[in-house]
Amino acid sequence: MNIIACIRQVPTLESTIKPLLQPSAPFIDRSGLEYMTNPFDEFAIEEGIRIKERLGGGELTVVAVGPEGADQMLLNALAMGADGAVHINVNEENSHLLDSFVVASLLKSVIERREYDIILCGKEAVDDRQGAVGIELAEFLGLPHVAAVTRLDIDVDTDSETKKATARRQIEGAWEILECRLPAVFTCHKGLNEPRYPPLPGIMKARRKPHEDITDIKIPAARLSLTGLENLPRRKTGKKLEGDVQEVTEELLRLLHDEARVI
Amino acid sequence: MPQEILVITEQRGGEFKGNVGLEVIGAAQRLSSVSGLGFSIFLLGHNVEGLTGLLINYGADEILVADSKILGDYNSQVYVHVLSEKISGSDKKPAAILLPATATGRDIGPRLAARLGGAYIADCIALDIDGDYLLEARRLVYGGSVIATVKGNAPPEFQVATLRPNTFERAKKITGKETAVTRVEAKSPPDLRTVLKEIVYEKERGMDIAEARVVVSGGRGMKSPENYGILEELAELLGGAVGASRGAVDAGWRPADSQVGLTGKTVAPELYIACGISGAPQHLAGMMSSRCIVAINKDPGAPIFKVADYGVVGDLFEVIPRMIEGLKNNKE
Ligand SMILES: Cc1cc2nc3c(=O)[nH]c(=O)nc-3n(C[C@H](O)[C@H](O)[C@H](O)COP(=O)(O)OP(=O)(O)OC[C@H]3O[C@@H](n4cnc5c(N)ncnc54)[C@H](O)[C@@H]3O)c2cc1C
Ligand SMILES: Nc1ncnc2c1ncn2[C@@H]1O[C@H](COP(=O)(O)O)[C@@H](O)[C@H]1O
C-alpha cells in the first residue's frame with residue numbers, strides 16, 4: 001500500500017496574536033512568526049503510519065509545498081514513522097502566490113509521477129481555513145475524495161486485488177459512512193487518531209531516510225490574490241457581574257432578556 | 001463575458017435547514033444589483049419539487065431543478081458531476097457561484113471550482129464584485145483575529161465562494177419578476193467510486209452546535225463528564241446545544257465533534273455561554289463571532305472575560321443551577 005500525506009506548516013496562534021500587519025504584500029511581518037505542523041496534517045501523518053501498522057507493510061511519503069522551514073516539519077514526520085519526504089521548494093518571497101489552486105496543482109505534478117493508493121490531507125490549514133487543497137488535488141488527479149474523515153478502515157481483498165476504504169465523516173447532525181474504491185483522497189479531522197510523539201530511535205533514523213528536494217518547479221498562475229490583512233475590531237468590553245450569586249444570576253438573566261434580547 | 005451569478009442551495013431530507021439558503025440568495029441579490037448580472041438558483045435532491053415554490057419570489061431569472069433518485073443523499077462525485085455538466089454545457093457562464101459554508105457546501109465548492117478551473121474562496125464573511133466582475137471577499141484567518149481580503153484574478157469565470165452562515169442578510173421578497181423553472185437532467189458520473197452506506201443521526205446528542213441558536217459550552221472547569229448534565233439542562237431550556245473546549249474533549253469528557261475552536265468547529269450562535277473555560281486564543285478562534293457571549297468563570301483574570309459581553313465571576317456550580325431555576329420560573 002502506497003500512502004502519501006500532504007502536510008504544511010502554519011504559524012502558531014500565539015505568534016499571530018499581535019501580528020505586524022503591513023499595507024503591502026505579503027501584508028504581514030513574518031519575522032516574528034513561529035511555526036508548527038498544521039494540526040490536521042498531524043492526523044494525516046499518524047493515520048498513514050497506522051494504516052501501515054494495521055496492514056503490516058506499505059510505504060508512507062510526506063509531501064510539502066513551501067519555503068525552507070518546511071524541512072524541519074518533514075524531518076519530524078520522518079521521525080514519527082514516514083518512510084520518505086518530498087519537499088517542493090517555494091521561496092519565502094513567493095509564498096503569497098500560493099492559493100489552493102496553485103498548491104494543489106504543484107502537489108499533483110509531483111504525486112502523479114509516483115505510485116499511490118491513499119492520499120491523506122488535513123481537513124484544512126488552521127491559518128487560512130480554506131479546506132480546499134485536498135479536495136482540489138483529488139479533482140486534478142481524477143480521484144474521489146472523502147472530506148473531514150473521523151474514521152478510516154482500509155480493506156485489501158488479496159484474491160481480487162481490490163482495495164477499498166470505509167470512511168466515516170461528520171456532516172451537520174449526523175455521521176456518513178461511505179465506501180470508496182482506492183485510490184482516493186481523504187482529508188483528516190479531529191477524532192481520527194491521536195498523533196504520536198516521534199520516538200527516540202525514529203529521530204535518529206529520520207535523517208537517513210530518503211528526502212527529495214524539488215527546486216526548479218514552475219508556479220502556475222494563481223486564481224486568487226491576497227489584497228490586504230487587517231485586525232478584526234475588538235469586541236467592546238462587556239459588563240462584569242460580581243457579588244452575591246443569586247443577585248448576579250438574576251441580573252444576568254435580566255440583561256440577556258432586556259438588553260441583549262437573546263432569551 | 002460572464003452572464004450571471006449562480007446560487008447552489010442546500011436541502012436535506014426535502015427541507016431547507018436554517019436560514020443560510022436565504023442568506024446566500026440575499027448575497028446574490030446584492031451582487032446582482034451591484035453588477036447588473038442576473039442570478040439563478042440551482043436546487044438538487046430527490047422529491048424536491050415542493051421546494052421550488054419557496055424559491056420563486058426572490059427575483060431570480062431561473063430556478064434549475066435537478067430532481068432524481070441519485071441525488072437523494074449527498075454524494076460529492078454525483079453532485080459535482082450534475083452541477084458541472086449543466087454549468088459548462090450552458091451558454092450562460094457564471095461569474096460567481098455561491099454556496100453556504102456548510103459541510104456539504106465546503107465539500108462541493110473546491111471540487112466544483114477545480115473542475116471548472118475557477119477560484120475558490122471559503123467561508124466568506126463579506127462579498128463584493130467589481131466592475132470587471134471579479135469577486136472581492138473578506139474572510140477570517142489566523143484564528144479569527146485577522147480579516148483577509150482576497151480577490152479573484154481575471155478572467156472572471158467560475159469564481160466559487162462559500163458563505164458563512166448567520167453572517168449575510170437574508171434575501172428580500174421581490175414580486176412581479178418572472179422566474180423560469182427549468183428541469184435539469186441528472187446522470188451519474190461514468191466512474192462512480194464512492195457509495196454512501198449509512199447515515200447515522202446523532203439524535204440523542206440533539207442539535208449540531210454549528211447550527212444551534214444557543215451554544216452552552218463547558219471546559220475543564222466542569223471537573224467531570226457527569227457534571228455536563230447541568231449544561232444539557234440549561235441548553236435544553238434555551239433551545240440550544242452543548243459544546244466543549246479542547247480541554248474537555250481531550251480529557252475524554254465530551255465527543256470530539258462538540259469541540260469549539262481552531263481544531264474544532266467555528267460557531268456563531270446568537271448566544272454563547274462559556275462555563276469553566278479559560279478563553280485560550282485557540283478556543284476564541286471558534287466562537288468570537290457569536291452575537292452575545294456570556295462567560296462564567298471563578299477566575300476574574302480569565303482571558304475569556306476580554307471577549308464576553310456579560311461576565312459572571314463565580315463558581316459555575318452555583319451560578320448554573322440558579323440560571324436553570326430562574327429560567328424555569330420565568331417560563332411558568
Ligand atoms: C494547535 C492547538 C489547537 C488547539 N485547538 C483548540 C480548540 O479547537 N478548542 C479549544 O477549546 N482549545 C484548543 N486548544 C487548547 C487551548 O490552548 C486550551 O488549552 C484549552 O482551550 C483549555 O481548555 P479549558 O479552557 O477548558 O481549560 P483551562 O484552560 O484549564 O480552563 C479552565 C477554566 O475553568 C475555570 N474554573 C475552574 N473551576 C471552575 C468553577 N467551579 N466555576 C467556574 N470556573 C471554573 C478556571 O478558572 C479556568 O479558567 C488548542 C491548542 C493548540 C496548541
Ligand atoms: N503547501 C502545502 N503543502 C502540502 N500540503 C498542503 C499545502 N497546503 C495545504 N496542504 C494540504 O491541504 C490541506 C488543506 O489546506 P487548505 O486548503 O489550505 O486549508 C492541508 O491540511 C494539507 O494537508
Side-chain angles (χ1 to χ4, degrees), chain A residues 13-14 16-17 19 39 100-101 104 126-132 135-136 139-140 144-148 150 170-181 184 190-191 221-232 235 238-242 245-246 248-250 252-253 255 260 262-263, chain B residues 76-77 102-104 106-107 110-111 114-115 118-123 141-153 193-202 207-208 210-211 238 256-257 259 262-264 270-271 281-282 292 305 307-314 318-319 322-323 326:
Chain A
L13 203 47
E14 286 82 1
T16 59
I17 303 268
S100 53
F101 172 84
V126 297
D127 58 349
D128 70 8
R129 296 197 109 152
Q130 276 272 105
I135 298 176
E136 294 190 22
E139 174 65 27
F140 293 154
H145 78 266
V146 185
T150 54
Q170 216 206 330
I171 56 167
E172 282 84 3
W175 301 101
E176 286 181 353
I177 320 275
L178 295 122
E179 209 172 81
C180 176
R181 254 187 300 141
K190 170 139 188 169
R223 297 294 190 262
L224 270 185
S225 300
L226 178 67
T227 58
L229 292 177
E230 62 194 283
N231 285 303
L232 188 72
R235 288 183 80 98
K239 292 193 173 124
K240 230 186 202 158
L241 312 173
E242 287 177 82
V245 187
Q246 188 64 37
V248 161
T249 311
E250 276 165 21
L252 174 67
L253 291 178
L255 288 166
V262 286
I263 62 171
Chain B
S76 59
Q77 280 192 290
T102 52
T104 305
R106 297 190 68 166
D107 202 61
R111 185 106 206 184
R115 179 141 330 158
Y120 172 67
I121 318 173
D123 209 19
V141 295
Y142 298 129
S145 59
V146 174
I147 306 173
T149 308
V150 293
K151 200 158 178 193
N153 293 337
R193 308 226 318 244
T194 45
V195 211
L196 180 69
K197 284 280 162 193
E198 199 183 339
I199 299 188
V200 185
Y201 293 93
E202 293 284 307
M207 210 183 316
D208 191 300
E211 300 186 310
L238 295 169
D257 66 344
Q259 180 178 317
L262 194 65
T263 46
E270 281 178 36
L271 175 60
Q282 293 89 355
C292 176
F305 288 125
V307 300
D309 299 288
Y310 304 109
V312 178
V313 184
E318 295 178 14
V319 177
R322 284 182 175 78
M323 283 179 79

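Each chain gets a letter, A, B and so on, in the order the sequences are listed, and its residues count up from 1. None of the values given here were measured: they were computed from a predicted structure. Just so you know, these numbers use all the heavy atoms, side chains as well, and skip hydrogens, waters and symmetry mates.
With hydrogens and angles disregarded, a donor-acceptor distance shorter than 3.5 Å links the side chain of Gln130(A) to the backbone of Tyr120(B). One N or O on the side chain of Thr227(A) and one on the backbone of Thr149(B) form a donor-acceptor pair closer than 3.5 Å. Under a 3.5 Å cut-off, the side chain of Arg129(A) and the backbone N or O of Leu262(B) do form a donor-acceptor pair. Remark: side-chain polar atoms of Asn153(B) are paired, donor with acceptor, to backbone N or O of Ala222(A) under 3.5 angstrom.
For chain A, the nearby parts of Ile147(B) are the backbone and the side chain; heavy atoms of each come within less than 4.5 Å. Using a 4.5 Å cut-off between heavy atoms, Glu198(B) touches chain A through backbone and side chain atoms alike. In this structure, the portion of Gln77(B) lying under 4.5 Å from any heavy atom of chain A is its side chain and not its backbone. Only the side chain of Val248(A) comes within less than 4.5 Å of a heavy atom of chain B; its backbone N, CA, C and O stay farther away. Contacts between Ala147(A) and chain B at a heavy-atom distance below 4.5 Å involve backbone atoms as well as side-chain atoms. Of the two parts of Ser76(B), only the side chain, counted from C-beta on, holds a non-hydrogen atom closer than 4.5 Å to a non-hydrogen atom of chain A. Within the 4.5 angstrom heavy-atom criterion, atoms from both the backbone and the side chain of Leu224(A) approach chain B. When heavy atoms are compared at a cutoff of 4.5 Å, Ala148(B) approaches chain A by way of both its backbone and its side chain. For chain A, the nearby parts of Tyr310(B) are the backbone and the side chain; heavy atoms of each come within less than 4.5 Å.
With chain A as the partner, the residue from Leu271(B), Asp123(B), Leu238(B), Leu196(B) showing the most heavy-atom pairs under 4.5 Å is Leu196(B). Put simply, of Arg181(A), Glu136(A), Glu139(A), Gln246(A), the one with the most heavy-atom pairs under 4.5 Å next to chain B is Glu139(A). Most heavy-atom pairs under 4.5 Å with chain B, from the set Ala104(A), Ala132(A), Pro144(A), Gly191(A): that is Pro144(A). Chain B forms more heavy-atom pairs under 4.5 Å with one residue of Leu252(A), Ile171(A), Ile263(A) than with any other, namely Leu252(A). Top candidate by heavy-atom pairs under 4.5 Å with chain A, chosen from Gly314(B), Ala210(B), Pro281(B), Gly326(B), is Pro281(B). Between chain B and the options Gly238(A), Ala184(A), Gly131(A), Pro39(A), heavy-atom pairs under 4.5 Å are most frequent for Gly238(A). For the options Glu318(B), Arg111(B), Arg106(B), Gln259(B), heavy-atom pairs under 4.5 Å to chain A are most numerous at Arg111(B).
The side-chain heavy atoms of Thr16(A) and Val146(B), taken from C-beta on, include no pair separated by under 4.5 Å. Looking only at side-chain heavy atoms (C-beta outward), Leu229(A) and Tyr142(B) come within less than 4.5 Å of each other. The shortest side-chain heavy-atom distance between Asp107(B) and His145(A) falls under the 4.5 Å cut-off.
Between Asp208(B) and Gln170(A) the shortest heavy-atom distance is OD2-NE2, 3.9 Å.
Between the CG atom of Leu178(A) and the CD1 atom of Ile199(B) there is a distance of 8.5 Å, given to the nearest 0.5 Å. Annotation: the span from Met323(B) atom CE to Thr249(A) atom OG1 amounts to 7.5 Å, rounded to 0.5 Å. Note that the NZ atom of Lys197(B) and the SG atom of Cys180(A) stand 12.0 Å from one another [nearest 0.5 Å]. The distance from atom OG of Ser225(A) to atom NZ of Lys151(B), rounded to the nearest 0.5 Å, is 9.0 Å. The line from CD of Glu176(A) to OG1 of Thr194(B) is 10.0 Å long, rounded to the nearest 0.5 Å.
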- Could you go step by step and tell me if Val141(B) and Asp127(A) meet the side-chain contact (heavy atoms from CB on, under 4.5 Å) rule? CA-CA 6 Å; Val141(B) 295; Asp127(A) 58 349; 6.0 Å; no
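A salt bridge links Arg235(A) with Asp309(B): the distance from a Lys NZ or Arg NE/NH1/NH2 to an Asp or Glu carboxylate oxygen falls below 4.0 Å.
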